[in-house]
Amino acid sequence: MTSQEIEFTVAYDDVPIDPLVETSHGFSCLIEGMDKTILFDTGGDGHLLLDNLRKLNKDPNHIDILVLSHQHWDHSGGLFTVLRSIGPVAVYMTKAFPDSLASHAERLGADVTIVDGPIEIIPGIHSTGQMGGDELARGRREQSLVLDTADGTVVLTGCAHPGIVNIVNRARDLRSGNIAYALGGFHLKDTDDPAVKNVIGELKALGIKKMGASHCTGTRQIEMFRDVWDMDFIPFGCGATLRLPLRQ
């Protein structure tokens, strides 16, 4: 990685990519190369996450910020283990998280920010804000990340419970233009083929150029995305690395 790149490293995921690391149900992605190093989600097992990071030659102690997409255990279960290991960092979680979880994170030294509406986390990285509203159970209300790169805007999701199309539309509103990359879990594993095809068609119509569906998208459903995006499909499972040029 050069100083002119942003690097995404998937350290926890259901989909195997690199045999060096252990696959498990959940998601976590390390983001490097910008003003701060961000860990997006902590998987379900913090010890496994930290072990995978080290196997990928990533020092967990370099993490500055933790962002939790939503409170389901496979995305936030590793939080306390990570905090105990790396010490005080900033943590961004949505207002749907229990107060007790935020309070315990603070007792471990975290500087907790409760996210409601869209916010800038650092220059070039925004949160969509909590999405889902009353139509989703509290545990499914979720934030995603929107990142600026020289190759276009990237949307990074945990599970996309509010709907990947809705998330991309929110990101378009935030960054005033098309989204080039959609990465992460899309929660389509129990969705039938006609409905998945509708999602694919909508994302194509929204101008998504590069696709990295993973985690809870579902095995068959991921292959449907791969078939449509073909050479523009990005394997984004456990151990995968994606480097994009920074926006100057």
Side-chain angles (χ1 to χ4, degrees), residues 1-12 27-43 49-50 53 56 58-71 75-76 78-79 82-83 85-97 102 105-106 108-131 142-158 160 167-168 170-184 210 212 236 240-248:
M1 181 177 66
T2 73
S3 60
Q4 303 301 309
E5 291 179 320
I6 179 172
E7 181 176 276
F8 301 82
T9 302
V10 182
Y12 205 109
F27 187 73
S28 181
C29 182
L30 186 71
I31 304 165
E32 301 172 280
M34 302 187 81
D35 290 347
K36 303 285 186 180
T37 295
I38 294 177
L39 185 68
F40 179 64
D41 283 342
T42 60
L49 170 61
L50 293 170
L53 284 168
L56 294 165
K58 303 298 181 182
D59 185 349
N61 291 304
H62 290 166
I63 295 167
D64 301 299
I65 298 171
L66 297 178
V67 179
L68 300 178
S69 63
H70 63 299
Q71 69 182 76
H75 293 259
S76 63
L79 173 62
V82 171
L83 288 177
S85 175
I86 68 176
V89 294
V91 176
Y92 289 76
M93 61 179 69
T94 68
K95 67 176 184 177
F97 275 82
E106 289 175 334
L108 292 173
D111 179 12
V112 176
T113 297
I114 302 300
V115 177
D116 186 3
I119 61 168
E120 181 181 69
I121 294 175
I122 62 172
I125 300 184
H126 290 75
S127 165
T128 59
Q130 178 173 285
M131 297 182 63
E142 187 170 345
Q143 64 176 327
S144 301
L145 292 183
V146 183
L147 305 99
D148 300 332
T149 81
D151 275 359
T153 302
V154 177
V155 167
L156 178 63
T157 68
I167 293 168
V168 168
R170 169 70 64 85
R172 281 163 55 93
D173 291 341
L174 289 174
R175 307 314 292 154
S176 301
N178 286 347
I179 307 302
Y181 291 74
L183 309 171
K210 303 280 187 177
F236 205 65
T241 297
L242 172 65
R243 296 183 181 93
L244 298 175
L246 280 170
R247 181 178 292 178
Q248 301 301 315

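This chain uses plain numbering: 1 for the first residue, then up along the sequence.
Considering OG of S28 and CG of L66, their distance stands at 8.5 Å, rounded to 0.5 Å. Here F97 contributes atom CZ and L79 contributes atom CG; the two are 8.0 Å apart, rounded to the nearest 0.5 Å. In this structure, the separation between CG on L246 and CD on E7 is 11.0 Å, given to the nearest 0.5 Å. Expressed to the nearest 0.5 Å, how far CD1 of I6 lies from OG1 of T149 amounts to 7.5 Å. In this structure, CG in L183 is found 7.5 Å from SG in C29, a value given to the nearest 0.5 Å. Separating the CE atom in M34 from the CG atom in L147 is a distance of 6.5 Å, to the nearest 0.5 Å.
Using a 30° and 60° split on the angle between ring planes, F27 and H75 fall in the tilted class, from 30° to 60°.
Looking only at distances, no side-chain donor or acceptor of E142 sits under 3.5 Å from a matching main-chain atom of H70. Here the side chain of Q4 pairs no donor or acceptor atom with the backbone of P245 at under 3.5 angstrom.
Taking Q71 as the reference, nothing meets the side chain to side chain donor-acceptor pair (under 3.5 Å) condition, with sequence neighbours excluded. The side chain to side chain donor-acceptor pair (under 3.5 Å) search around T128 returns none, not counting sequence neighbours.
Heavy-atom minimum distance, S127 versus L174: O-CD1, 3.9 Å. Listed here is the closest heavy atom pair of S69 and F40: CB-CZ, 3.7 Å. Scanning all heavy atoms of the two residues, the minimum distance from M93 to Q143 falls at CA-NE2, 3.9 Å. The heavy-atom pair separating T42 from G78 by the smallest distance is OG1-N, 3.3 Å.
Contact annotation: the side chain of F236 approaches that of F8 to within less than 4.5 Å [non-hydrogen atoms, C-beta and beyond]. Considering only heavy atoms from C-beta on, V82 stays 4.5 Å or farther from P60 through its side chain. Residues K58 and E32 form a side-chain contact, since some pair of their non-hydrogen atoms from C-beta on lies under 4.5 Å apart.
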Show which side-chain atoms of residues 109-121 pair as donor or acceptor with protein atoms under 3.5 Å away, not counting sequence neighbours.
unit_1	atom_1	unit_2	atom_2	d
D116	OD2	K95	NZ	3.3

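Applying the side-chain contact (heavy atoms from CB on, under 4.5 Å) test between Y181 and each of T153, V155, D151 identifies D151 as the sole match. Each of I31, I65, D64 was evaluated against I122; a single residue qualifies, I65, per the side-chain contact (heavy atoms from CB on, under 4.5 Å) test.
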How far apart are the C-alpha atoms of L39 and I86, what are their side-chain angles, what is the distance that settles it, and do they pass the side chain to side chain contact (heavy atoms under 4.5 Å, CB included) test? CA-CA 12 Å; L39 185 68; I86 68 176; over 6 Å; no
